[in-house]
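Side chains are part of it too, since the values below use all heavy atoms of this structure and drop only hydrogens, waters and symmetry mates.
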Amino acid sequence: LRSRKGSNNIFLSYEEDGLVAENNNVKTLYKWSTIRSYRKFGSRLFVPVSDNLALIISDRFTDPDNMRKLISTLDAHRA
């Protein structure tokens, strides 16, 4: 994935505790309990991680298989 702020690469993965977003400087864990839902609008997946923040993942920055796996993982961890 590529950040909208500059051209930093952001690596998104998932662990037992939640989604992990990291770049060269920061590693952030978004716990499954804070991710209430997600929405797919066109080519973008919006994953709210707080009241004022969402991870926005565009189809063009990942491949279709990764997007399917991410959505499947999000579905599996819905409360």
| request: Applying salt bridge (Lys or Arg N to Asp or Glu O under 4.0 Å), name anything that partners Asp59, two or more places apart in sequence or on another chain. | output: Lys40
| Can you list the steps and then say if Asn66 with Arg68 is a side-chain contact (heavy atoms from CB on, under 4.5 Å)? | CA-CA 5 Å; Asn66 281 340; Arg68 279 190 298 275; over 6 Å; no
| message | Restricting to side chain to side chain contact (heavy atoms under 4.5 Å, CB included), what partner residues turn up for Asn52, sequence neighbours left out? | response | none
| side-chain hydrogen bond (donor to acceptor under 3.5 Å, both in side chains) involving Asn24 - partner list, sequence neighbours excluded | none
| query | Hey, any chance Val49 and Val26 share a hydrophobic cluster, counting ILVMFWY side chains that come within less than 4.5 Å of each other, even indirectly? | reply | no
| query | Do Lys27 and Val20 have side-chain heavy atoms sitting under 4.5 Å apart? | reply | yes
| request: Before giving the answer on side-chain contact (heavy atoms from CB on, under 4.5 Å), spell out for Leu70 and Leu19 the whole-Å C-alpha distance, their side-chain angles and the decisive distance to 0.1 Å. | output: CA-CA 10 Å; Leu70 175 57; Leu19 286 177; 3.9 Å; yes
| Which pair of heavy atoms, one from Pro48 and one from Ser37, lies closest together, and at what distance? | CD-O, 3.1 Å
| request: Identify, with sequence neighbours excluded, every residue that meets side chain to side chain contact (heavy atoms under 4.5 Å, CB included) alongside Asp17. | output: Leu29
| message | Can you classify the ring geometry of Tyr14 versus Trp32 as parallel (below 30°), tilted (30 to 60°) or perpendicular (above 60°)? | response | tilted
| said: Could you go through Phe46 and Phe41, starting from their C-alpha distance and side-chain angles, then the distance that decides it, and tell me whether this counts as ring-ring contact (aromatic ring centres under 6.0 Å, His included)? | reply: CA-CA 8 Å; Phe46 291 79; Phe41 292 103; 5.6 Å; yes
| said: So, using side-chain hydrogen bond (donor to acceptor under 3.5 Å, both in side chains) as the criterion, who are the partners of Tyr30 when residues are at least two apart? | reply: none
| query | Say you draw a straight line from CG of Leu45 to CD1 of Ile56; how long is it, rounded to the nearest 0.5 Å? | reply | 10.0 Å
| field | Residue list, salt bridge (Lys or Arg N to Asp or Glu O under 4.0 Å) with Lys69, at least two apart or on another chain | value | Asp65
| Approximate separation, where rounding is to 0.5 Å, of Ile57 CD1 and Ser43 OG | 12.0 Å
| Which value, rounded to the nearest 0.5 Å, describes the distance between Ile71 atom CD1 and Tyr38 atom OH? | 5.5 Å
| message | Using 0.5 Å steps for rounding, measure from the NE2 atom of His77 to the CD atom of Glu16. | response | 8.0 Å
